[in-house]
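To keep things clear, I will list the structure first and then write my remarks on it.
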2 protein chains.
Amino acid sequence: MANSAKTHDVRQRAQDKRPLDAFDRKILGELAQEAGLSYAELGNRIGLSAPAVHERVKRLRAAGRIRATVAVLDGPATGKPLLAFIHVDTSGWGGTQELLAFSELPEVEEIHSVAGDTCMLLKVRCASSQALEGLLARLYDLPGVKATRSYVVLSSYLERTPQAGVSDTLEQPSSR
Amino acid sequence: MANSAKTHDVRQRAQDKRPLDAFDRKILGELAQEAGLSYAELGNRIGLSAPAVHERVKRLRAAGRIRATVAVLDGPATGKPLLAFIHVDTSGWGGTQELLAFSELPEVEEIHSVAGDTCMLLKVRCASSQALEGLLARLYDLPGVKATRSYVVLSSYLERTPQAGVSDTLEQPSSR
DNA sequence: TGAAAGAGCGAATATCATTCGGAGCAAACG
DNA sequence: CGTTTGCTCCGAATGATATTCGCTCTTTCA
């Protein structure tokens, strides 16, 4: 009963759908900060009724704009006080795919391939410097891994998930 | 009526409290993956009753082990398809504190000070390469910013919040 | 050995999510 | 220019779930 539109069923995919109106942005902004708000509360923060908000949230979910709602754990308080970024240089293209196996480790939070003077970039959080050393050792076990550079985080001033807002002033040519 | 323990009120701070038993780890593991589970469901996944789980979650929250529960937004689907890491080199110590003002920008997701061949490390997500350029321009406006190196993410293979688990095998000396 | 604190459970209650029917509104259509 | 269609909102009703309460069991410490 949901997909009642039989006008061709063009399958409007997440990206090319409606471009997010002001209400949606406000909803995303609030939920990115604090999911677990009641729909009623969320409703009168942005000026809508509870069912309306519920409908929109359900849509945002289905469209993939909200990927998940998760509990954000504290690294130190859960036994992993050491945060680090690791740049991995590989010779040729080998080793790139083998790196994905590291997704299994709970210490590894991010794996990106990047453009720049390095190939892959990892974000890891581990229990101790010994654990970090062990992780690096495993990295060098991979074929094709030529070098790594580690950036150990001394202090995190800001750490959050993607935000809803967009600064339009950044698109301006230049203010100087 | 909550803080009824008047035995010195030693203020057991988040870190030095009880060291997380197996139930707590399982709870954190599930919630880091999917908050918004019902306590009943969460309960029989880990083998506890709903009120017991509720009690524990409340405690984990209060202890700061769960920092927040948030909706994870999709970058591209919310208008910011370009992810990048920026290394910032500053001359002297200046510019380090001024960088914190960038927390205001919704494009900036992380700001760390790191040990290594650079000073500060930013994770940013923006709408376009023009927006990234504008952001870099603002960085160079800061006094003391000497150089930046940007690593534009081509593909993200893994991106998640801190996980509950700890690999004990990493602490071993070396398997080779 | 006994008292006290802590943590679990089942049942009861309060809160909230979710559904339903109807109304307002805009764009497409005759 | 009027009508139709589709969309999204709202208020009320329903069902599910969070939260509380009283009790029991186990452990700890005197």
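In this text, all values refer to a predicted model and were calculated from it rather than measured experimentally. Each chain gets a letter, A, B and so on, in the order the sequences are listed, and its residues count up from 1.
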Rounded to whole angstrom units, what separation is found between the CZ atom of Phe23(A) and the C1' atom of dC10(D)? 13 Å
Rounded off to whole Å, could you give me the NZ-to-P distance for the Lys58(B) and dA18(D) pair? 13 Å
Close approaches to DNA chain C from residues 31-53 of chain B, in residue order (heavy atom, under 4.0 Å): Leu48(B), Ser49(B), Pro51(B), Ala52(B)
Would you call Glu109(B) and Arg125(B) a salt bridge, taking side-chain N to carboxylate O under 4.0 Å as the test? yes
Provide, to the nearest angstrom, the distance between the CD atom belonging to Glu55(B) and the P atom belonging to dC21(D). 12 Å
Under 4.0 angstrom between His54(A) side-chain N/O and dT18(C) OP1 or OP2: yes
Min side-chain heavy-atom separation Leu136(B)-Thr148(B) under 4.5 Å: yes
What is the distance from CG of Leu20(A) to P of dT8(D), rounded to the nearest Å? 13 Å
Each residue besides Phe85(B) in its hydrophobic cluster should be listed here, by chain and number; the cluster joins Ile, Leu, Val, Met, Phe, Trp and Tyr at side-chain heavy-atom distances under 4.5 Å. Leu83(A), Phe85(A), Val114(A), Leu121(A), Tyr151(A), Val153(A), Leu83(B), Val114(B), Leu121(B), Tyr151(B), Val153(B)
Residues that Arg45(A) engages under salt bridge (Lys or Arg N to Asp or Glu O under 4.0 Å), provided they are two or more places apart: Glu30(A), Glu41(A)
So, using side chain to side chain donor-acceptor pair (under 3.5 Å) as the criterion, who are the partners of Arg160(A) when residues are at least two apart? none
Would you say Arg67(B) and Thr161(B) are linked by a side-chain donor-acceptor pair, where the criterion is simply a distance under 3.5 Å? no
Please report how far the helix from dT1(C)-dA30(D) to dG30(C)-dC1(D) bends, comparing the axis fitted to its first five pairs with the axis fitted to its last five, to the nearest 10 degrees. 20°
Considering only residues two or more places apart or on different chains, which pairs with a residue in residues 38-71 of chain B satisfy ring pair (Phe, Tyr, Trp, His ring centres under 6.0 Å)? Tyr39(B)-His54(B)
Interatomic distance, Asp21(B) CG vs dG8(C) C1' [rounded to whole Å]: 13 Å
How close or far is atom C1' of dA7(C) from atom CG of Asp24(B), stated in whole angstroms? 12 Å
Ser128(A) vs Glu171(B), test: side chain to side chain donor-acceptor pair (under 3.5 Å). Steps then yes/no. CA-CA 8 Å; Ser128(A) 63; Glu171(B) 304 255 356; 3.2 Å; yes
